[in-house]
K.L.:
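One structure coming up, written as structure tokens, with questions to follow.
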Amino acid sequence: MTIPHAPTYIPVDVCSTVGLAPATPLEQCMAAVQSEVAKGGVAAPAADVAGLQKIVTAAKENGIDLKVVVMPTSPPIDTPLRDVATEIGHANPGSTVLVLSPGWAGTYSTTFDRVLLEAGQDVAKTAPNPVVGTQAFVDQLQTPDFPWMGLTIGLVIGVAAAAVLTRVLQRRVARASNAETPGELAK
């Protein structure tokens with residue numbers, strides 16, 4: 001059994017998301033972020049909140065319990081964003097969490113698989129602003145997957161049918177060849 005562990009590194013930049021000074025203890029920063037997320041699903045700079053809340057509401061109508069955190073600055077690597085998303089996700093079971101910073105994105109979800117989340121991250125982090133990025137993320141989550149299972153089954157059936165047909169034709173040719181051979185020997 002895998003025991004969930006606490007995120008390894010939460011950047012102090014998360015404090016600025018909710019207007020706290022970077023010197024604020026991290027526990028207080030995360031508590032403030034959690035509080036903002038609990039209120040409306042969004043913890044972000046004021047300029048982005050209204051647009052993000054519209055996206056969160058629309059996602060909810062489509063069955064996605066979305067939580068969004070926007071950090072105004074980026075950590076050196078994207079891993080801390082995933083740690084923030086994981087902590088928010090653990091506090092909001094069943095939710096899908098997107099954490100954005102300029103150029104980076106981190107996600108957490110128990111509903112969507114990692115491949116789909118990372119495809120969403122890729123489109124979200126390259127968007128010109130957090131609202132556009134969040135909408136692109138939600139759109140990616142709602143994009144139907146290519147039916148690989150159907151394609152695989154079709155290919156397997158096609159190859160099996162081709163193999164059977166090839167074998168049937170080989171036997172016909174062999175029988176025809178054997179039928180002609182005794183007549184030629186009698187001449």
Side-chain angles (χ1 to χ4, degrees), residues 1-20 22 24-46 48-127 129-143 145:
M1 178 166 102
T2 304
I3 299 171
H5 65 282
T8 55
Y9 172 68
I10 304 292
V12 295
D13 298 348
V14 78
C15 294
S16 58
T17 298
V18 289
L20 297 175
T24 306
L26 190 55
E27 295 79 26
Q28 286 179 327
C29 292
M30 281 308 297
V33 169
Q34 293 280 17
S35 175
E36 288 297 311
V37 168
K39 286 180 197 172
V42 174
D48 299 322
V49 171
L52 291 171
Q53 284 179 331
K54 286 179 186 176
I55 296 168
V56 167
T57 301
K60 185 87 166 169
E61 292 170 0
N62 289 312
I64 301 171
D65 182 15
L66 181 65
K67 310 296 183 202
V68 181
V69 176
V70 177
M71 295 175 43
T73 58
S74 292
I77 59 173
D78 65 345
T79 305
L81 300 181
R82 191 168 173 186
D83 289 344
V84 171
T86 300
E87 191 162 314
I88 301 290
H90 286 169
N92 298 280
S95 64
T96 297
V97 183
L98 171 65
V99 179
L100 287 169
S101 72
W104 295 115
T107 56
Y108 173 86
S109 182
T110 56
T111 308
F112 297 98
D113 63 26
R114 176 62 34 201
V115 172
L116 190 54
L117 289 174
E118 289 188 6
Q121 281 177 214
D122 289 344
V123 295
K125 70 184 179 185
T126 58
N129 64 58
V131 176
V132 172
T134 300
Q135 185 61 60
F137 175 76
V138 171
D139 291 345
Q140 183 67 39
L141 294 181
Q142 295 175 329
T143 300
D145 289 335

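All figures in this text were calculated on a predicted structure; none of them were measured in a lab.
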K.L.:
Could you pull out the closest heavy-atom pair between A59 and L66, with the gap in Å?
P.N.:
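Smallest interatomic distance, heavy atoms only, reads CB-CB, 4.1 Å.
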K.L.:
Can you list everything that forms a side-chain hydrogen bond (donor to acceptor under 3.5 Å, both in side chains) with N129? Sequence neighbours excluded, please.
P.N.:
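Expected list: none.
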K.L.:
Write down the atom of S101, the atom of P75, and the distance for their closest heavy-atom approach.
P.N.:
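Heavy-atom minimum between the residues: OG-CD, 4.0 Å.
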K.L.:
Compare every heavy atom of T107 with every heavy atom of A85, then report the nearest pair and how far apart it is.
P.N.:
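Where A85 meets T107 most closely, the heavy atoms are CB-C, 3.6 Å.
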K.L.:
Can you tell me how far CG of D139 sits from CD of Q135, rounded to the nearest 0.5 angstrom?
P.N.:
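If we round to the nearest 0.5 Å, Q135:CD and D139:CG are 4.5 Å apart.
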K.L.:
Residues in side-chain hydrogen bond (donor to acceptor under 3.5 Å, both in side chains) with T134, at least two apart?
P.N.:
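Counting only residues at least two positions away or on another chain, T134 forms no side-chain hydrogen bond (donor to acceptor under 3.5 Å, both in side chains).
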K.L.:
Only one of V84, V33, V70 clears side-chain contact (heavy atoms from CB on, under 4.5 Å) with V99; which?
P.N.:
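Running side-chain contact (heavy atoms from CB on, under 4.5 Å) over V84, V33, V70 with V99 returns exactly one hit, V84.
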K.L.:
When rounded to the nearest 0.5 angstrom, what distance separates NE2 in H90 from OG1 in T110?
P.N.:
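Going from the NE2 atom of H90 to the OG1 atom of T110 covers 9.0 Å.
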K.L.:
How would you list, by chain and number, every residue that makes a side chain to side chain contact (heavy atoms under 4.5 Å, CB included) with A105, sequence neighbours excluded?
P.N.:
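For A105 the side chain to side chain contact (heavy atoms under 4.5 Å, CB included) partners, ignoring immediate neighbours, are L98, L100, Q121, K125.
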K.L.:
Taking side chain to side chain contact (heavy atoms under 4.5 Å, CB included) as the test, write out the residues that go with Q53, two or more places apart.
P.N.:
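Expected list: V42, V49.
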K.L.:
How far apart are the closest heavy atoms of L117 and F112, and which atoms are they?
P.N.:
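It is CD1-O, 3.8 Å.
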K.L.:
Can you name the residues that form a side chain to side chain contact (heavy atoms under 4.5 Å, CB included) with D113, not counting sequence neighbours?
P.N.:
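With sequence neighbours excluded, D113 shows a side chain to side chain contact (heavy atoms under 4.5 Å, CB included) to V115, L116, given in chain and number order.
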K.L.:
Test: side chain to side chain donor-acceptor pair (under 3.5 Å). Region: residues 91-100. Which pairs qualify, not counting sequence neighbours?
P.N.:
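For residues 91-100, and leaving out neighbouring residues, the side chain to side chain donor-acceptor pair (under 3.5 Å) pairs sorted by first residue read T96-S109.
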K.L.:
For T111 and G94, which heavy atoms make the closest approach, and how far apart are they?
P.N.:
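Answer, listing the atom of T111 first, then G94: OG1-O, 3.6 Å.
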K.L.:
Heavy atoms only: give me the nearest W104-P76 pair and the separation to one decimal.
P.N.:
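Taking W104 first and P76 second, the nearest heavy atoms are CZ2-O, 3.7 Å.
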K.L.:
Please round to the nearest 0.5 Å and tell me the distance separating atom CD1 of I55 and atom CD1 of I64.
P.N.:
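Reported value, rounded in 0.5 Å steps: 11.5 Å.
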K.L.:
Can you measure from OG1 (T57) to CG (N62) and round to the nearest 0.5 angstrom?
P.N.:
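Spacing of OG1 (T57) from CG (N62) equals 11.5 Å.
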K.L.:
If you look only at pairs with a residue in residues 52-62, which of them pass as a salt bridge (charged side-chain N to carboxylate O under 4.0 Å, His left out), with sequence neighbours excluded?
P.N.:
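Those involving residues 52-62 are K60-D65.
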K.L.:
Using the test side-chain hydrogen bond (donor to acceptor under 3.5 Å, both in side chains), find all partners of Q140 that sit at least two apart in sequence or belong to another chain.
P.N.:
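Applying side-chain hydrogen bond (donor to acceptor under 3.5 Å, both in side chains) to Q140 gives none.
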